[in-house]
Amino acid sequence: MVEIKTDTALEAMRAAGRVVAEALTAARQAAAVGVRLRELDEVARTVLAEAGARSPFLGYQPSFAPTPFPAVICASVNDALVHGIPNDYRLRDGDLVSIDCGAELDGWTGDAAISFTVGTPRPADLALIAATQQALDAGIAAATVGHRIGDISHAVSTVARAAHCGMPTDFGGHGIGRQMHEDPHVPNRGRPGSGFPLRHGLALAIEPMLMAGGRNDYRTDPDGWTLRTIDGSRAAHIEHTIAITEDGPRILTLL
Ligand code: MG
Ligand code: MG
């Protein structure tokens, strides 16, 4: 079932989204060569705690997962696409890092992700991150009243295809509100004009996941969570929670 949010609820989601943005900003600022992924999680935990927010990631166990998720961020490095567990890995020069974070504040949720490089970047990684950002921007631009979910999906996939990047077929964006994952699903590919109609008050997480090697398949680590590219190529993941409004798409997960 799709819940259309009141304007009051959207304001509460904006507050939750701001906490997500603060946690991501702090984690990114802490990321440097030699820093452990676990330390980035600790930074994000502190931001959430100081804001009085709960983590929708911590303890989360969807049907595909063998264990509850042990952290408040996902930290996915290089060929890891999404769902990386922040462990004792120390960041190295030239790493490409994607961090995903959620926050629940006063019963409402935000969800966002960023990708960036540590130390001296590879030009190809910067191009991959730029393409992923462009795919997200195109998806957000298509998220207007009168369009449908398929218009967002098509906008995302058009950018990914032009960049010769692959995307997983079974992970994508989602409705969001009281829960992190609500209906409708927001696939990263689709037909224009198809799917659920976009209305004022619909809140969505849009999250392109691009794989530089161009393949759409991936493999899962023995931990049951971390998804990696099948060909060892690098991956990027950028996400915002947005609201569809009569005035156009409103990004809720900004500072
Ligand atoms: Mg996310
Ligand atoms: Mg999400």
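Indexing begins at 1, ligand by ligand and atom by atom, following the structure's order.
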Is the shortest distance from a Lys or Arg side-chain nitrogen in Asp79 or Arg234 to a carboxylate oxygen in the other one below 4.0 Å?
no

Taken in chain and number order and not counting sequence neighbours, the residues that satisfy side-chain hydrogen bond (donor to acceptor under 3.5 Å, both in side chains) with Ser233 are Asp231

Rounded to the nearest 0.5 Å, the CD atom of Gln133 sits from the CD1 atom of Ile238 at a distance of 4.5 Å

Looking at His174, the N/O/S atom that lies nearest to the Mg ion (ligand 2) is called NE2

query: Does His181 bring an N, O or S atom to within less than 2.8 Å of the Mg ion (ligand 2)?
result: no

Worksheet entry | Sidechain N-carboxylate O distance under 4.0 Å for Arg250, Glu11 | yes

Atom pairs and distances, side-chain donor-acceptor, residues 56-64, under 3.5 Å, sequence neighbours left out:
unit_1	atom_1	unit_2	atom_2	d
Tyr60	OH	His181	ND1	2.7
Gln61	NE2	Ala65	O	3.3
Gln61	NE2	Pro66	O	3.2

Under 2.8 Å from the Mg ion (ligand 1), the protein N, O or S atoms found are Asp100 OD1, Asp100 OD2, Asp111 OD1, Glu239 OE1

Hits for side-chain hydrogen bond (donor to acceptor under 3.5 Å, both in side chains) against Ser153, two or more places apart or cross-chain, chain-then-number order -> none

Output for pair (Cys165 SG, Met211 CE), nearest 0.5 Å, gives 9.0 Å

